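Each remark here refers to the structure printed beneath this line.
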Amino acid sequence: MISRFEFASDNTAGICPEAMSALTEANAGAAASYGDDGYTARAADLFREVFETDCDVYFVFNGTAANSLALASMCQSYHSVITHDAAHVEVDECGAPQFFSNGVKLLTVPGENGKLSASEVERMVTRRTDIHYPKPKVVSLTLPTELGALYSAAEIAAISELARNRGLKVHVDGARFANALASSGASAKDLSWKAGVDVLCCGGTKIGMGMGEAVVFFDRGISAEFAYRCKQAGQLASKMRFLAAPWAAMLKDGSWIRHAAHANACARRLAGAIRGQPGVSIRHPVEANAVFADLPEAMHARLADRGWHYYRFIGSSARFMCSWATREQDVDRLAADIAEAA
Ligand SMILES: *Cc1c(COP(=O)(O)O)cnc(C)c1O
């Protein structure tokens, strides 16, 4: 039996051709280390061009580091971060945000499809204001959410406005930010600084790089000394050009959005093919590259028999993720196996 990891996650895919050729190109000869090279400068300049603002950009190895170090730089140890119950920073980072911030507390709120609502955030901010309570300092939202849903620019702006009025900063976990851009058609600035976002962790791994996430500071006051934080955390790459070169190439040629759009389209194709099959119900809006489906227990066993690996860590729904590498024939094969197992 063949093991099929195509839909287990968007990080089961390999490295996309654009990132691979950028690595090969960056490998020709010596270059300055620790980010003083031309690739890193070019990638940061391209972020400023794409986001149309003078942001400060750092490259780290993975998303847990990006989020944790960004949040640590936004908080004192006695602060708290308001986020969703299902947020990656809360349930998938092994306490790294608390660890790197020396004790910041995460205050979690519920919300449909992984989304924060301004009213729930407000309730959490105003619940306590006394000195015995960890002072709310940041609102952290995930775009697209862990459940595959999008926030509109207006929804982000509403949360940001509330945050600003209460003296809080706004952080976005954008591990799949390109998927949100591709799906909504919004510009990078519309879903970030123009909507009030102070810091964006922008994911590269899940759109086709081997590794590498960008921490983008729109509020440059927050990024002072961020490089020291990266170094102390073991996240200052000495051969930084191998994190930065794929970013430079993919921002330049638009493939970061193209690959995300392809992954989104595959998710829509899958949802369209399995929606309405007996026993199958799609659990959340399919607005990015994830499909969550409730399936009968016996169907899970039959799909496992056919080799399909996927996660069921949120509720008991199956999560099918699509990536830059997902082929239409893979989608159709999975859909056919689901139909046959129904
Ligand atoms: C994948 C992912 C990350 C990054 O995870 P790492 O494994 O640390 O790279 C961050 N946030 C979300 C929502 C993710 O899905």
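When a ligand or atom number is given, it counts from 1 through the structure's own listing order. Source: prediction; values computed, not measured.
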Using the six-membered ring wherever Trp is involved, compare the ring planes of Phe292 and His284 and label them parallel, tilted or perpendicular (cut-offs 30° and 60°).
perpendicular
Which residues satisfy the side chain to side chain donor-acceptor pair (under 3.5 Å) test with Thr53, sequence neighbours excluded?
none
Taking ILVMFWY side chains as joined if any heavy atoms are under 4.5 angstrom apart, and letting links pass through other members, which residues group with Val331?
Phe7, Leu270, Ile274, Val280, Ile282, Val286, Val291, Leu295, Met299, Leu303, Trp308, Tyr310, Phe320, Leu334, Ile338
May I ask you to check whether Phe242 and Tyr39 place their ring centres under 6.0 Å from each other?
no
Distance-only check: which donor-acceptor pairs under 3.5 Å involve side-chain atoms of residues 228-239, not counting sequence neighbours?
from   : atom 1 : to    : atom 2 : distance (Å)
Gln235 : OE1    : Phe61 : N      : 2.8

List of N/O pairs, ligand 1 versus protein, all under 3.5 Å?
from     : atom 1 : to     : atom 2 : distance (Å)
ligand 1 : 8 (O)  : Gly63  : N      : 3.4
ligand 1 : 8 (O)  : Thr64  : N      : 2.7
ligand 1 : 8 (O)  : Thr64  : OG1    : 2.5
ligand 1 : 9 (O)  : Gly63  : N      : 2.9
ligand 1 : 11 (N) : Asp173 : OD1    : 3.1
ligand 1 : 11 (N) : Asp173 : OD2    : 2.6
ligand 1 : 15 (O) : Arg176 : NH1    : 3.1
ligand 1 : 15 (O) : Arg176 : NH2    : 3.4
ligand 1 : 15 (O) : Lys206 : NZ     : 2.6

Does this structure show an ion pair linking Asp37 with Arg241, if we count only N-O contacts that are shorter than 4.0 Å?
no
